[in-house]
> 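I have a structure here, written as structure tokens, and I will follow up with some questions on it.
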Amino acid sequence: MPNIASLTGSLSLPADVADAVGPRFPGAIYQNVDGRFEVLALITAPSDAAELLRRDSARWALVVRDTLRPDAIPFAVGSVWTTSDFLIRPATTAYEAAA
């Protein structure tokens, strides 16, 4: 499994990836029918996203933690931002490339 700390991706996202990710950058909290999630990392390297999601076609992935469960373990998701998603808290800092 890739080291999540090193997988923050590049500063400029392709338009289709930016549309799919929506406002879900590290630090953001969003809610949908599945729960309320804090975004811990945005992975934009396709090979790393594919490995995390176990899907060869993956171009990006989010590592999230369910904030409604105190014992929640972070996990990767690749679902696109839709009208059923609600932003609870925006990302706390600007999205930056890993050093």
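Atoms considered below: every heavy atom in the structure, side chains included; atoms not considered: hydrogens, waters and symmetry mates.
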> Considering the options Asp66, Ile73, Thr67, which one meets the side-chain contact (heavy atoms from CB on, under 4.5 Å) requirement together with Arg69?
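Only one of Asp66, Ile73, Thr67 forms a side-chain contact (heavy atoms from CB on, under 4.5 Å) with Arg69, namely Asp66.
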
> Taking it one step at a time, do Arg89 and Leu87 satisfy side-chain contact (heavy atoms from CB on, under 4.5 Å)?
CA-CA 6 Å; Arg89 180 184 78 192; Leu87 186 64; over 6 Å; no

> Does Asp85 use its side chain to pair, donor to acceptor, with the backbone of Thr82 at less than 3.5 Å?
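Confirmed, Asp85 side chain pairs with Thr82 backbone.
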
> Are Leu53 and Val63 connected in a single hydrophobic cluster, I mean Ile/Leu/Val/Met/Phe/Trp/Tyr linked by side-chain heavy atoms less than 4.5 Å apart?
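Hydrophobic grouping puts Val63 apart from Leu53.
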
> Is it true that Ile88 and Leu42 fall in one hydrophobic cluster, defined by side-chain heavy atoms closer than 4.5 Å?
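Not linked; separate clusters.
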
> Would you please test Trp60 and Leu52 for side-chain contact (heavy atoms from CB on, under 4.5 Å) and show each step?
CA-CA 9 Å; Trp60 59 274; Leu52 283 170; over 6 Å; no

> Are Phe75 and Ile29 connected, step by step, through hydrophobic side chains (Ile, Leu, Val, Met, Phe, Trp, Tyr) whose heavy atoms are closer than 4.5 Å?
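Hydrophobic grouping puts Phe75 apart from Ile29.
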
> Would a hydrophobic clustering, with Ile, Leu, Val, Met, Phe, Trp and Tyr connected at side-chain separations under 4.5 Å, put Leu13 with Val64?
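Yes.
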
> To check you understand the geometry: which heavy-atom pair defines the closest contact between Ala91 and Pro26, and what is its length?
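Minimum heavy-atom contact is CB-O, 3.4 Å.
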
> Quick one: sort the Tyr30 and Phe37 rings into parallel, tilted or perpendicular, breaks at 30° and 60°.
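Aromatic pair Tyr30/Phe37 classed tilted.
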
> Which heavy atom of Ala28 sits nearest to which heavy atom of Pro23, and what is that distance?
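So the two residues come closest at CB-O, 3.8 Å.
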
> Give, for atom CG of Leu62 and atom OG1 of Thr44, the distance between the pair rounded to the nearest 0.5 Å.
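Taking CG in Leu62 and OG1 in Thr44, the distance rounds to 10.5 Å.
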
> Taking only residues at least two apart or on different chains, which pairs with a member in residues 13-31 satisfy salt bridge (Lys or Arg N to Asp or Glu O under 4.0 Å)?
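Sorted pair list: Asp16-Arg59.
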
